[in-house]
Amino acid sequence: MTQDLRDAALFYHRYPTPGKLEISATKPLGNQRDLALAYSPGVAAACEVIVEDPAEASTVTARGNLVGVITNGTAVLGLGPIGPLAAKPVMEGKAVLFKKFAGIDVFDIEIDERDPDRLINVIAALEPTFGGINLEDIKAPECFIVEDALRKKMNIPVFHDDQHGTAIIVAAAIYNALRLVNKDMKQVKVVASGAGAAALACLNLLVSLGFDRSNIWVTDIEGVVYKGREKLMDPWKSVFSQETDARTLGDVIGGADIFLGLSAPGVLKPDYVRSMAANPIIMALANPTPEIMPEEVKAIRDDAIMATGRSDYPNQVNNVLCFPYIFRGALDVGATAINEEMKVACVKAIADLAMEEQDEIVIKAMGGEAKNFGPEYIIPSPFDPRLISIIAPAVAKAAMETGVASRPLDNLDAYREKLSRFVYRSGLVMKPIFERAKNDPKRVIYAEGEDERVLRAVQVALDEKLAIPIVVGRPDVVQMRLDRVGIKLTVGKDFEIINPNDDPRFNDYWTTYHQRMERKGISPENAKVIVRTRNTVIAALAVYLGDADAMICGVTGSYHRHLNHIRGVIGLQEGVSDLSSLNLLLMQRGTYFMADTYVTENPTSEQIAETTILAAKHVSRFGIEPRVALLSHSNFGSSNSESACKVRRALSLIAERAPDLEVDGEMHADAALDVELRQRVFPNSNLTGPANLLIFPTLDAANIAFNLLKTVEDGLPVGPILVGTAQPAHILTASVTGRGVVNMTAIAVVDAQNRERRKVK
């Protein structure tokens with residue numbers, strides 16, 4: 001870890017409040033009656049129904065959606081036996097992943113106990129609290145002992161993710177690789193390097209899939225696991241012991257079809273790879289440095305299929321593909337265990353998903369590039385929005401078929417549909433944008449390069465390889481600000497800078513600006529002064545002249561002043577009559593886009609129609625199918641005011657220009673978001689679900705609604721996104737945070753990528 005990343009991570013964990021979790025109430029507590037319902041005397045009713053039927057705990061408490069992430073800190077990934085207190089940040093991180101990817105609530109519990117029997121008793125006593133237990137970072141062989149005992153003692157799922165999560169993803173990758181090379185799992189030879197919890201769980205799951213145990217060879221730090229070996233042996237490892245004189249990995253790797261590495265860097269030598277069978281499958285999963293690097297394998301064997309644990313190579317084995325969704329399916333049917341059949345169902349669901357065709361929405365969500373099943377795509381991307389709606393139902397179905405579901409589902413198709421909407425309620429919508437930006441970073445110029453929020457965003461853009469930053473600012477001031485906030489970057493070395501007071505491009509810039517603006521009252525002398533003093537003009541000219549691919553401004557100053565500069569220099573996209581703005585708001589109940597929040601005070605019907613169509617195109621770039629509500633004080637013709645009629649006319653124009661767009665109005669905001677209410681007042685609406693793109697009749701309405709929701713609902717804002725410019729340009733606001741600048745950097749890069757594709761076409 002670099003010092004910059006370490007400092008950023010500590011800042012992230014400490015501010016604005018320590019840690020990554022909080023407890024949030026799901027019911028109102030605004031008056032005496034609410035208090036009487038939530039606590040005394042009303043809570044007694046909930047207690048009594050649980051006494052009568054314990055299963056009611058899942059209907060009147062949060063238990064059915066609550067998982068305990070539990071560790072004793074004896075084997076924290078990459079850190080070792082650091083103890084339970086130091087392991088707490090990792091457990092909080094796991095809790096965040098559960099919540100974000102699958103909507104599952106978590107209490108992280110760190111237990112200061114190394115004795116397996118006592119640890120078992122402590123965890124088992126927590127059963128009334130949880131719907132499931134995720135064991136984490138417990139060293140082998142104690143992890144086997146603890147999990148086996150708890151599965152026998154407890155009537156809820158107990159799942160050691162270090163073992164089974166890794167095993168499921170590895171098994172799915174191998175399953176698909178064998179499909180590609182057309183080999184029979186019953187015949188292939190498997191050689192494993194590493195015999196810890198994860199490696200043994202992988203091998204056991206392969207056996208459950210149908211692999212022949214006699215064809216599996218295991219090696220560890222002491223060499224081959226053979227019959228009669230005594231050193232570093234245990235009952236779980238002994239299951240894979242072979243009757244052999246071979247003693248090293250090099251002795252057994254010859255002719256292997258599959259190498260499974262969960263050990264240490266450099267263990268798999270190039271000569272070993274050469275000796276493997278045709279079309280070898282190499283799972284080199286040591287992190288951060290695998291047993292052999294992919295480029296080494298490629299230089300030796302062009303017929304090999306390879307996976308690692310790293311995100312910068314194809315086929316990343318990442319547990320987040322599994323654990324949120326297997327628990328989602330298990331909790332939703334009240335499973336009493338996660339059995340082998342559920343794990344196998346998870347393996348096959350993941351494997352099959354990688355083979356499925358990807359529609360336009362999926363492609364956009366995964367970064368804009370279709371990934372076809374093949375040697376470099378044998379498991380799905382963690383950003384595939386279909387994961388939750390494919391894996392959780394498969395797991396739930398297996399639980400029901402094997403009799404461990406205490407609350408079977410009536411309709412799996414309805415369950416899939418419900419899950420498919422989750423990804424857009426969870427705030428994961430920005431993740432594919434970041435992934436896409438990283439795949440092809442573009443030059444982003446920041447007009448307010450002396451602002452600390454911008455400089456923090458520049459650091460993130462460089463660290464994450466999101467963009468190639470350019471800042472406008474005085475070099476000495478920028479360096480002073482960098483040093484003051486502890487950002488270890490050097491002006492002119494780590495990023496390019498344009499100095500408004502002294503830059504060799506000044507002559508080109510002012511003459512270009514004069515050419516663009518001379519018929520708007522700008523003289524040559526005025527042009528020189530403006531280009532010296534208006535950083536937004538400099539940034540816009542850099543984009544216009546091709547010195548940058550996208551620009552960000554607005555961290556300070558008036559929004560409309562910046563807007564006028566961009567309109568004058570960059571201009572409008574062909575066929576667009578005016579600019580508009582779009583804001584994204586990530587809230588607990590959903591992801592909503594809102595327009596026009598900043599540009600046009602009182603748009604005409606034509607402007608509303610144009611804004612709607614352009615905004616819908618932006619929404620679809622996030623991998624979201626837009627469902628548009630044209631909002632008004634009028635509800636489907638209930639008023640004939642000028643404002644209501646304006647919105648009504650806009651709907652007709654949209655229907656003519658974009659007949660495939662799912663849009664309706666004019667309507668109240670509650671009807672837009674509440675499907676049941678809308679069906680009562682207007683059962684023939686064109687909308688099929690809650691609206692996710694809200695179009696307002698005036699700037700006042702849009703801006704007030706956006707800021708009110710952002711504050712009251714504690715929503716995370718992204719934007720404003722400026723819509724309709726000839727080249728990518730975005731104007732932020734003075735309230736933006738450093739994180740907000742980073743989000744808009746990713747969006748600006750993707751905008752630049754899209755423009756480049758349009759030019760090529």
Side-chain angles (χ1 to χ4, degrees), residues 520 553-554 557-568 570-573 575-585 592-619 626-658 661 663-673 691-711 717 719-726 729-735:
K520 296 179 182 178
C553 63
S558 160
Y559 186 93
H560 279 268
R561 190 191 76 192
H562 294 290
L563 185 70
N564 290 335
H565 290 323
I566 289 171
R567 188 185 272 121
I570 291 179
L572 303 178
Q573 187 178 322
V576 173
S577 65
D578 200 3
L579 302 176
S580 57
S581 62
L582 175 69
N583 269 91
L584 167 59
L585 196 56
Y592 302 104
F593 294 83
M594 307 169 78
D596 171 14
T597 44
Y598 282 95
V599 177
T600 306
E601 285 189 19
N602 188 17
T604 64
S605 297
E606 288 74 15
Q607 287 173 316
I608 290 174
E610 181 176 83
T611 294
T612 300
I613 294 167
L614 291 172
K617 290 179 180 178
H618 267 274
V619 172
R627 291 192 298 272
V628 188
L630 306 182
L631 300 185
S632 171
H633 74 280
S634 175
N635 209 24
F636 299 107
S638 65
S639 169
N640 286 317
S641 69
E642 182 181 346
S643 172
C645 291
K646 174 179 74 172
V647 176
R648 216 172 294 156
R649 286 194 300 272
L651 179 65
S652 299
L653 293 171
I654 295 165
E656 292 173 10
R657 300 173 188 175
L661 183 61
V663 56
D664 211 343
E666 80 285 8
M667 69 174 75
H668 290 171
D670 54 357
L673 304 180
N692 52 32
L693 173 54
L694 307 177
I695 305 296
F696 291 82
T698 65
L699 177 62
D700 278 351
N703 193 272
I704 290 168
F706 167 71
N707 283 297
L708 188 64
L709 284 172
K710 177 182 72 173
T711 304
I721 300 168
L722 190 59
V723 177
T725 54
H730 296 290
I731 307 168
L732 307 185
T733 63
S735 63

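None of these values were measured; they are calculated from a predicted model.
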Determine the minimum heavy-atom distance between [X] and [Y], stating which atoms define it.
X: Leu651; Y: Gly665; value: CD2-O, 3.2 Å
X: Gln607; Y: Thr604; value: OE1-N, 2.9 Å
X: Ala729; Y: Ile570; value: CB-CD1, 3.8 Å
X: Ala644; Y: Ser639; value: CB-O, 3.6 Å
X: Leu661; Y: Ala616; value: CD1-CB, 3.7 Å

pair [X]-[Y]: side-chain heavy atoms closer than 4.5 Å:
X: His668; Y: Leu631; answer: no
X: His633; Y: Ser641; answer: yes
X: Lys646; Y: Asn602; answer: yes
X: Ile566; Y: His730; answer: no
X: Ile721; Y: Ser581; answer: no
X: Thr611; Y: Asp578; answer: no

Checking side-chain polar atoms at under 3.5 Å, does Ser634 have a donor or acceptor matched by the opposite partner on Glu666?
yes

Side-chain polar contacts of residues 693-709 - donor-acceptor pairs under 3.5 angstrom, sequence neighbours left out - could you list them?
residue: Thr698; atom: OG1; partner: Ala701; partner atom: N; Å: 3.2
residue: Asn703; atom: OD1; partner: Asn707; partner atom: ND2; Å: 2.9
residue: Asn703; atom: ND2; partner: Thr597; partner atom: O; Å: 3.0
residue: Asn707; atom: OD1; partner: Lys710; partner atom: NZ; Å: 3.2
residue: Asn707; atom: ND2; partner: Asn703; partner atom: O; Å: 3.0

Which distance, rounded to the nearest 0.5 Å, do you find between the CE of Met594 and the CG of Leu582?
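Between Met594 CE and Leu582 CG, I get 10.0 Å after rounding to 0.5 Å.
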
In Å, rounded to the nearest 0.5 Å, how long is the span from OG of Ser558 to CG of Asn564?
8.0 Å

Per the salt bridge (charged side-chain N to carboxylate O under 4.0 Å, His left out) rule, what does the pair list look like for residues 595-612, sequence neighbours excluded?
none

Flag the pair Asp664 and Arg627 as a salt bridge only when some basic side-chain nitrogen lies within less than 4.0 angstrom of an acidic carboxylate oxygen.
no

For residues 593-612, which residue pairs pass the ring pair (Phe, Tyr, Trp, His ring centres under 6.0 Å) check, not counting sequence neighbours?
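Counting only pairs at least two positions apart or across chains, the ring pair (Phe, Tyr, Trp, His ring centres under 6.0 Å) contacts touching residues 593-612 are Tyr559-Tyr598, Phe593-Phe622.
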
